[in-house]
Amino acid sequence: MEIPREVLVIGGSRYFGKRLIARLLAAGDRVTVLNRGSSAPPRGAVHLVADRDDESSLRSALGSRTFDVVVDQVCYTPRQAAVARRVFAGRTHRYVMTSTVEVYEYEDSIALVREDAVDPATVPVDLGLPWDDPEFLVSHYGEGKRQAESVFAADPVFPFTTVRVAHVLGGDDDFTGRLAHYADRIRTGEPIAVPVDNQPATYIHVEEIADFLAWTVGQDFTGPVNAASHGLLGTEELCRAVAAHFPEGKTVLQLIELGEVSPFSFARSYGMDNFRATRLGFTFSDARQWLPQAVTETLGTAAPWGWAAGERDRPGHGIRPTAGRGA
């Protein structure tokens, strides 16, 4: 019999984080969940309560515990990464940070972006920025993740990988309201604001990213890895999937040169290359196969005519702040 792994999940109280915990428990791992105490973990997991921003609180909650793997679902700033780096040095054999496609926000490339486009070891870190300001953090979400990756990657004190998560869809517990935004406007015929040069992006189903993170726990690779289903999706394709639930509705796209646009509409390409993860052994699904069911799950409406449960493929195996959030 295999010896159960000791796995710590920081965060993980909702969306794909809770699915990850369920998978680890089902695999026989001994799972510890650390959060601020706002929600209890599933039965079978040990619960630790601490403020991860408070180094003394974190050390006190952990005591003398050590882990085979730490999965950090809620590291958003270089300050949080610096605390974690100090606290977990000598406590874990592997550290997995959930990151985001938003680290590539300056990589406007028609080609799918590979991990080496952003080398965390070369990203400058500024701990003096107002990372405690919620508005600053929201507007600098990608920058916060980039710098957090850099803190872990520079002179690493434990084997470290960062999972750069595509935009996440699906599930009846999608709390972001992004698909609901489209549903409301299509149902009422209100305009949907999109950039004049609207670009596609890569996505991943909520179940697939939970599968990917659970798989990553058992691997030994290090460095950044992109997690995205195959295929690019544009706003128009998302609208068609949503509109299938509202046959009396109307899709009206309003082109915007300057100003706020709808979620999942981008003036630059957000396509990630998933070749590294595929080469390492993970099999991704195709986004177009699961998109209709993902919309059905989130909107909570009856599936479109002809889309029966037996006719769809199960997902295999990222808000602004949106992408990669929901841990």
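Starting from 1, each residue takes its place in the sequence as its number. Only a predicted model underlies this, so the values are computations on that prediction, with no experimental measurement involved.
The aromatic rings of Trp215 and Phe212 sit tilted, their planes meeting at an angle between 30° and 60°. Below 30°, between 30° and 60°, or above 60°: for Phe264 and His167 the angle between ring planes is above 60°, a perpendicular geometry.
Put simply, the side chain of Thr222 never gets that close to the backbone of Thr161: no donor and acceptor are under 3.5 Å apart. Remark: side-chain polar atoms of Thr296 are paired, donor with acceptor, to backbone N or O of Pro292 under 3.5 angstrom. No donor-acceptor pair closer than 3.5 Å links the side chain of Thr92 to the backbone N or O of Phe88. In this structure, the side chain of Glu190 does not engage the main chain of Arg185 through any donor-acceptor pair within 3.5 Å. Side-chain atoms of Asn35 come within 3.5 Å of backbone atoms of Ser39 as a donor-acceptor pair (strictly under, hydrogens ignored). Distance alone, capped at 3.5 Å, places no donor-acceptor pair between the Asn274 side chain and the Ala277 backbone. Panel note: side chain Thr162, backbone Pro224; no donor-acceptor pair is recorded below 3.5 Å. With hydrogens and angles disregarded, a donor-acceptor distance shorter than 3.5 Å links the side chain of Lys145 to the backbone of Cys75. Between the side chain of Arg36 and the backbone N or O of Gly11, no donor-acceptor pair lies under 3.5 Å. A donor-acceptor pair under 3.5 Å links the side-chain atoms of Arg91 to the main chain of Arg65, judged by distance alone.
Residues Ile186 and Ile192 meet the side-chain proximity criterion, which asks for heavy atoms closer than 4.5 Å. Side chains of Met272 and Tyr104 form a contact here, defined as non-hydrogen atoms less than 4.5 Å apart. Within the 4.5 Å cutoff, no side-chain heavy atoms of Val71 are placed close to those of Leu8. In this structure, the side chains of Leu58 and Asp51 stay at 4.5 Å or more apart for every pair of heavy atoms. Side-chain atoms of Leu169 and Val206, non-hydrogen and from C-beta on, never get closer than 4.5 Å to each other. Between Leu24 and Val9, the closest side-chain pair of non-hydrogen atoms falls below 4.5 Å. At a threshold of 4.5 Å between non-hydrogen side-chain atoms, the residues Leu62 and Val87 count as touching. Counting heavy atoms from C-beta on, the side chains of Glu107 and Val118 come closer than 4.5 Å.
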request  = Could you walk me through whether Ser13 and Lys18 pass the side chain to side chain contact (heavy atoms under 4.5 Å, CB included) test, one step at a time?
outcome  = CA-CA 5 Å; Ser13 62; Lys18 68 181 185 182; over 6 Å; no
Derivation and outcome, side-chain hydrogen bond (donor to acceptor under 3.5 Å, both in side chains), residues Tyr15 and Asp173 = CA-CA 6 Å; Tyr15 210 32; Asp173 55 339; 5.9 Å; no
task = Go through Val217 and Val7 one step at a time and tell me if the side chain to side chain contact (heavy atoms under 4.5 Å, CB included) criterion holds.
result = CA-CA 8 Å; Val217 165; Val7 183; 4.1 Å; yes
request  = List the steps, then state whether side chain to side chain contact (heavy atoms under 4.5 Å, CB included) holds for Arg276 with Phe221.
outcome  = CA-CA 10 Å; Arg276 185 183 187 216; Phe221 62 83; 3.9 Å; yes
inquiry  = Show, in sequence, the C-alpha distance, side-chain angles and deciding distance for Asn198 and Ser265, and conclude whether the side-chain hydrogen bond (donor to acceptor under 3.5 Å, both in side chains) test is met.
reply    = CA-CA 6 Å; Asn198 196 20; Ser265 58; 4.7 Å; no
request  = Test side chain to side chain contact (heavy atoms under 4.5 Å, CB included) on Val101 and Arg164 and set out the steps.
outcome  = CA-CA 5 Å; Val101 62; Arg164 294 170 176 171; 5.9 Å; no
message = Working note: Glu6 + Thr32, criterion side-chain hydrogen bond (donor to acceptor under 3.5 Å, both in side chains); need CA distance, chi angles, decisive distance, verdict.
response = CA-CA 8 Å; Glu6 295 285 350; Thr32 300; 5.0 Å; no
request  = Go through the steps for Asp53 and Gln80 under the test side-chain hydrogen bond (donor to acceptor under 3.5 Å, both in side chains), then give the verdict.
outcome  = CA-CA 6 Å; Asp53 294 323; Gln80 292 175 330; 2.9 Å; yes
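The cationic atom of Arg14 (NZ for Lys, CZ for Arg) lies less than 6.0 Å from the six-membered ring centre of Phe175 and within 45° of the ring axis. Within the cation-pi definition used here (under 6.0 Å to the ring centroid, within 45° of the axis), Arg268 qualifies as a partner of Tyr270.
Hydrophobic cluster membership is shared by Leu137 and Met97, with clusters built from Ile, Leu, Val, Met, Phe, Trp and Tyr side chains linked at under 4.5 angstrom. By the rule that hydrophobic residues join a cluster once side-chain heavy atoms approach within less than 4.5 Å of another member, Phe16 and Val96 end up as members of one cluster. Under a hydrophobic-cluster definition in which Ile, Leu, Val, Met, Phe, Trp and Tyr are linked whenever side-chain heavy atoms come within less than 4.5 Å, directly or via other members, Leu253 and Val261 are assigned to different clusters.
For Arg288 against Leu233, the heavy-atom pair with the smallest separation is CG-CD2, 3.8 Å. In this structure, Asn226 and Asp273 approach most closely via the heavy-atom pair ND2-O, 2.9 Å. Counting all heavy atoms, side chain and backbone alike, Ala210 lies closest to Arg19 at CB-CB, 3.6 Å. In terms of heavy atoms, Leu179 sits closest to Val242 at CD2-CG2, 4.2 Å. Counting all heavy atoms, side chain and backbone alike, Tyr182 lies closest to Cys239 at CD2-SG, 3.6 Å. The two residues Gly17 and Gln73 have their closest heavy-atom pair at CA-NE2, 3.3 Å.
The OG1 atom of Thr235 sits 10.5 Å away from atom CZ of Arg240, with the distance rounded to the nearest 0.5 Å. Annotation: the span from Thr122 atom OG1 to Asp116 atom CG amounts to 10.5 Å, rounded to 0.5 Å. In this structure, Ser150 OG and Asp126 CG are separated by 11.5 Å, a value rounded to the nearest 0.5 Å. Here the CG-CG distance, from Leu20 to Leu213, works out to 5.5 Å after rounding to the nearest 0.5 Å. Between the OG1 atom of Thr98 and the CD1 atom of Ile209 there is a distance of 7.0 Å, given to the nearest 0.5 Å. To the nearest 0.5 Å, atom CG of residue Asp184 and atom CG of residue Leu299 are 9.0 Å apart.
Under 4.0 Å is where a charged nitrogen must lie from a carboxylate oxygen, and between Arg23 and Asp29 no such pair does. Under the 4.0 Å criterion applied to side-chain N and carboxylate O atoms, Glu143 and Arg146 are assigned as salt-bridge partners.
Between the side chains of Ser262 and His181, a donor-acceptor pair is found at a separation under 3.5 Å. If you check the side chains of Thr77 and Arg79, you find no donor sitting under 3.5 Å from an acceptor.
Two rings, from Phe282 and Phe284, have their centers less than 6.0 Å apart.
For the side-chain hydrogen bond (donor to acceptor under 3.5 Å, both in side chains) test with His205, the passing option among Gln293, Gln289, Glu297 is Glu297; the others fail. Just one residue in the list Arg30, Arg5, Arg94 forms a side chain to side chain contact (heavy atoms under 4.5 Å, CB included) with Asp68, and that residue is Arg5.
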